[in-house]
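What follows is a set of notes on a single structure, which appears directly below.
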Amino acid sequence: MSQPVERESLEVDVLYVGAGPASLASALHLMNEVERFNRNAEQAGKPPIEPPTVLVLEKGASVGDHMLSGAVMNPKALRELVPDFEEQSFPTEYVCNYAGFWIFHPKGKLSLPAPPNFRKKGYHVVSLSNAAKWMGERAEAAGVEIYPGFTGDKLLIEGDRVVGVRTGDMGVDKDGKPKSNFQPGMDIFAKVTVLGEGVRGTLSKQLIQRFELQGENPQNFETGIKEIWRIDPKKHKPGRVVHGFSFPDILKRFHGMWLYDMKDDLISYGFVTILDAENPNCDPHLEAQKFKTTPFMKWLLEGAELVRYGAKAIPTGGLYSQPKLYVDGALLVGDSASFCNAQNLAGIHMAMKSGMLAAETIVEALHRQDFTTKTLGSYAERYRSSWAYDEHYQARNFGASIEKGPFFFAANEPFRLFLGGRGLVDEMKMEPGHTHMKRLAELPADEREKEPFEFDGVLTFSKEHLVQFSGTTHEVDQPSHLVVADTDICSDVCAEEYGNPCENFCPAAVYEMVPDPENEGKKKLYIHHENCVHCKTCDIADPYQVITWTPPEGGEGPDYTQM
Ligand SMILES: Cc1cc2nc3c(=O)[nH]c(=O)nc-3n(C[C@H](O)[C@H](O)[C@H](O)COP(=O)(O)OP(=O)(O)OC[C@H]3O[C@@H](n4cnc5c(N)ncnc54)[C@H](O)[C@@H]3O)c2cc1C
């Protein structure tokens with residue numbers, strides 16, 4: 001928008017951006033901890049804390065709509081937050097009673113003893129979307145306000161202090177002009193702003209860059225493709241949790257799969273591809289489709305019905321990639337701060353615990369009325385003396401070990417497991433995943449072309465087809481929320497050097513090189529932003545780092561109900 005607009009403003013004590021498990025657990029814990037503080041204060045004859053005003057912004061149309069996870073959840077953090085969660089109708093699908101670790105090969109599958117990181121008996125299989133709705137209801141009942149359909153668009157910063165967030169404008173046309181339904185975003189001022197935007201958060205990225213918070217290693221990522229299928233009841237096994245990989249493909253590229261049974265004869269199937277491929281043709285969606293043609297998956301999905309599709313990136317850097325967690329006026333929680341334990345494919349309990357530790361810090365800040373790093377810095381101390389830090393410490397070299405390739409990983413793994421996460425080298429360095437991508441000319445001739453694969457429309461599907469199962473909708477007449485800084489790079493240098501890998505790594509057919517009528521024989525980039533499933537892969541994997549994912553209008557995007 002070129003003209004200045006008048007904006008409403010709002011003041012709250014604590015503002016959360018993103019209604020994921022990190023923020024929701026934090027907001028609920030904050031309310032509980034304030035109550036506890038005040039009970040103790042009353043007994044000790046000390047002044048209470050004024051009950052805080054707490055607001056959560058969520059870009060999805062309702063809480064849970066943008067949640068996508070496996071998900072088999074370690075219940076540790078939830079038990080601390082709501083000790084009787086089982087009696088309070090928490091939406092567990094099943095409790096894991098079988099934790100398999102399978103190698104899928106061209107003749108069938110081989111079951112191995114599960115390594116420690118995949119021993120998940122007693123963990124809860126959940127739809128994170130449903131779990132977030134459950135947490136959101138509890139937070140609201142405790143006095144937290146939630147605004148779904150509102151995006152955090154810009155950090156408000158005064159000097160070196162975060163003072164709040166500007167929400168996104170609504171009703172702007174594709175040329176950036178206001179439409180008849182134009183509504184300018186609000187300025188929301190807060191004593192503490194907590195960024196719980198999940199992986200590759202927009203404001204979190206701004207904060208990390210502006211305050212130079214990045215950890216010793218860069219943040220690295222995988223992309224997870226998830227499908228829910230309704231299978232033959234005879235093949236359905238309540239409590240089954242399987243992780244595995246396909247052989248011999250694992251010798252070429254690191255990947256992993258999951259299979260969890262859900263209620264109503266549903267299964268959650270997922271395939272995870274690391275975003276550090278040398279080959280620009282690497283395509284997480286295609287890998288997930290190919291895996292379904294292995295004999296066991298073919299058998300399992302025979303006669304089954306596809307119900308949902310989605311994709312999302314997962315932070316894998318771990319401890320050494322974690323940014324500094326606080327600045328004056330703001331804290332980072334959950335995946336936005338790389339809390340996910342990628343070794344265990346487990347981030348829900350880590351996100352919740354980080355949020356809870358942040359909440360305890362905020363109670364201290366409210367008590368002292370000090371929202372500078374002097375008090376907010378105790379979040380990092382709380383984290384260091386928590387089980388979340390111990391868990392991350394055990395997994396500290398996992399991401400870097402994978403980055404060195406399957407052979408190094410296999411050699412390093414025994415040392416890592418028996419030396420408390422140390423491995424052959426500690427601390428292992430990593431490079432950003434996109435820097436691994438080779439130019440086509442650097443690859444052997446037979447690897448330069450994308451491998452041909454025919455989708456059969458029964459077991460395997462194209463991206464265009466699958467996007468319809470993500471429930472994604474975006475208003476077409478709005479500025480593309482996928483901002484490409486220089487599209488000439490796409491037509492010229494990227495086309496030649498890498499063959500436009502955005503067409504491959506995006507799992508939702510957002511990017512397409514189409515003939516350019518003004519330049520005969522050349523192609524130009526067309527962005528189908530309406531297909532975007534908010535996975536953030538493009539923002540991460542682009543070799544020139546010219547793609548920036550920004551939030552579209554609030555309330556748009558995927559509908560990940562059940563995911
Ligand atoms: C494919 C996949 C499989 C996984 N499997 C498992 C598993 O089996 N077990 C497990 O424990 N963990 C698993 N994880 C990890 C786990 O899901 C995450 O670690 C966890 O969800 C992180 O929680 P969070 O609250 O930090 O972020 P998220 O859960 O990502 O929530 C962030 C929320 O913020 C909202 N948001 C983002 N930006 C903005 C903005 N600017 N304005 C407003 N709202 C915004 C989003 O819409 C979203 O609702 C998996 C992750 C993926 C992607």
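Values in this document were obtained by computation on a predicted structure and should not be read as measured data. In each ligand, atom 1 is the first atom listed, and ligand 1 is the first ligand listed. When a residue number appears, it is its place in the shown sequence, counting from 1.
For ligand 1, the atoms closer than 4.0 angstrom to any heavy atom of G334 are 26 (O). Contact atoms of ligand 1 toward G18: 33 (C), 34 (O), 35 (C), 36 (N), 44 (N), 45 (C) (distance under 4.0 Å to a heavy atom of the residue). Taking every heavy atom of W258 and a limit of under 4.0 angstrom, the matching atoms of ligand 1 come to 1 (C), 3 (C). Near Y260, the atoms of ligand 1 lying under 4.0 angstrom from a non-hydrogen atom of the residue are 8 (O). The contact set between ligand 1 and G198, taken as ligand atoms under 4.0 Å from a residue heavy atom, comprises 26 (O), 27 (O), 28 (P), 30 (O), 32 (C).
By the 4.0 Å heavy-atom criterion, A313 is counted among the residues contacting ligand 1. Proximity of M67 to ligand 1 is established by a heavy-atom distance of less than 4.0 Å. Under a 4.0 angstrom heavy-atom cut-off, T151 registers as being in contact with ligand 1. For G196, the heavy-atom gap to ligand 1 drops under 4.0 angstrom. Close to ligand 1: F150, with a non-hydrogen atom less than 4.0 angstrom away.
Counting only heavy atoms of the protein, atom 36 (N) of ligand 1 lies nearest to K59 CE, 3.7 Å. Of all protein heavy atoms, the one closest to atom 30 (O) of ligand 1 is K312 NZ, 2.7 Å. In terms of protein heavy-atom proximity, atom 17 (O) of ligand 1 is nearest to S69 OG, 2.7 Å. Nearest to atom 9 (N) of ligand 1 among the protein's heavy atoms is V72 O, 2.9 Å. For atom 47 (O) of ligand 1, the nearest non-hydrogen atom of the protein is E58 OE2, 2.7 Å. What sits closest to atom 53 (C) of ligand 1 on the protein, heavy atoms only, is I314 CG1, 3.3 Å. Looking from atom 12 (N) of ligand 1 to the surrounding protein, the closest heavy atom is G347 N, 2.9 Å. For atom 37 (C) of ligand 1, the closest non-hydrogen atom on the protein side is E197 O, 3.1 Å.
Centroid-to-centroid, the aromatic rings of W549 and H534 come within less than 6.0 Å. F104 has its ring centre no less than 6.0 Å from the ring centre of F245. Note: H392 and Y320 fail the aromatic proximity criterion, with ring centroids not under 6.0 Å apart.
For K154 and D169, the salt-bridge test fails: no basic side-chain N is under 4.0 Å from an acidic carboxylate O. Under the 4.0 Å criterion applied to side-chain N and carboxylate O atoms, K191 and D13 are assigned as salt-bridge partners. In summary, R161 and E158 do not engage in a salt bridge, as defined by a charged side-chain N under 4.0 Å from a carboxylate O.
When only interatomic distances are considered, the shortest N/O to N/O separation between G60 and ligand 1 does not fall below 3.5 Å. Considering both main-chain and side-chain atoms, G224 never comes within under 3.5 Å of ligand 1 through any nitrogen or oxygen pair. For G70, a nitrogen or oxygen atom sits less than 3.5 Å from a nitrogen or oxygen atom of ligand 1, counting backbone and side chain alike. Residue contacts with ligand 1: A22 is placed with a nitrogen or oxygen under 3.5 Å of a nitrogen or oxygen of the ligand (distance criterion only). For the pair A346 and ligand 1, the shortest N or O to N or O distance does not fall below 3.5 Å.
At a heavy-atom distance under 4.0 Å, only side-chain atoms of L128, from C-beta outward, approach ligand 1. At a heavy-atom distance under 4.0 Å, only side-chain atoms of V17, from C-beta outward, approach ligand 1. Residue contacts with ligand 1, taken as heavy atom pairs separated by less than 4.0 Å, involve D335 via backbone and side-chain atoms alike.
Annotation: cation-pi geometry not satisfied between R382 and Y379 (NZ/CZ under 6.0 angstrom from ring centroid, within 45° of ring axis). Taking the ring centre of F296 as origin, the terminal cationic atom of K109 falls inside the region bounded by 6.0 Å and 45° from the ring axis.
Between R253 and C282 the shortest side-chain heavy-atom distance falls below 4.5 Å.
Considering only residues two or more places apart in sequence or on other chains, D153 meets the salt bridge (Lys or Arg N to Asp or Glu O under 4.0 Å) condition with none of them.
In the model, S354 has no side-chain atom that pairs as donor or acceptor with a side-chain atom of Y383 under 3.5 Å. A donor and an acceptor atom, one from each side chain of E556 and Q478, are located under 3.5 Å apart.
Nearest-heavy-atom check against atom 23 (O) of ligand 1 across G20, S336, G557, P21 picks out P21.
Within a 6.0 Å sphere centred on CD of Q545, other residues, nucleotides and ligands contribute more than 12 heavy atoms.
Among K263, H124, E86, the one residue that satisfies the side-chain hydrogen bond (donor to acceptor under 3.5 Å, both in side chains) test with T92 is H124. For the side-chain hydrogen bond (donor to acceptor under 3.5 Å, both in side chains) with R200, the qualifying choice from T537, D335, D539 is D539, the only one to do so.
Note on residues 121-144: pairs passing salt bridge (charged side-chain N to carboxylate O under 4.0 Å, His left out), not counting sequence neighbours, are D65-K133.
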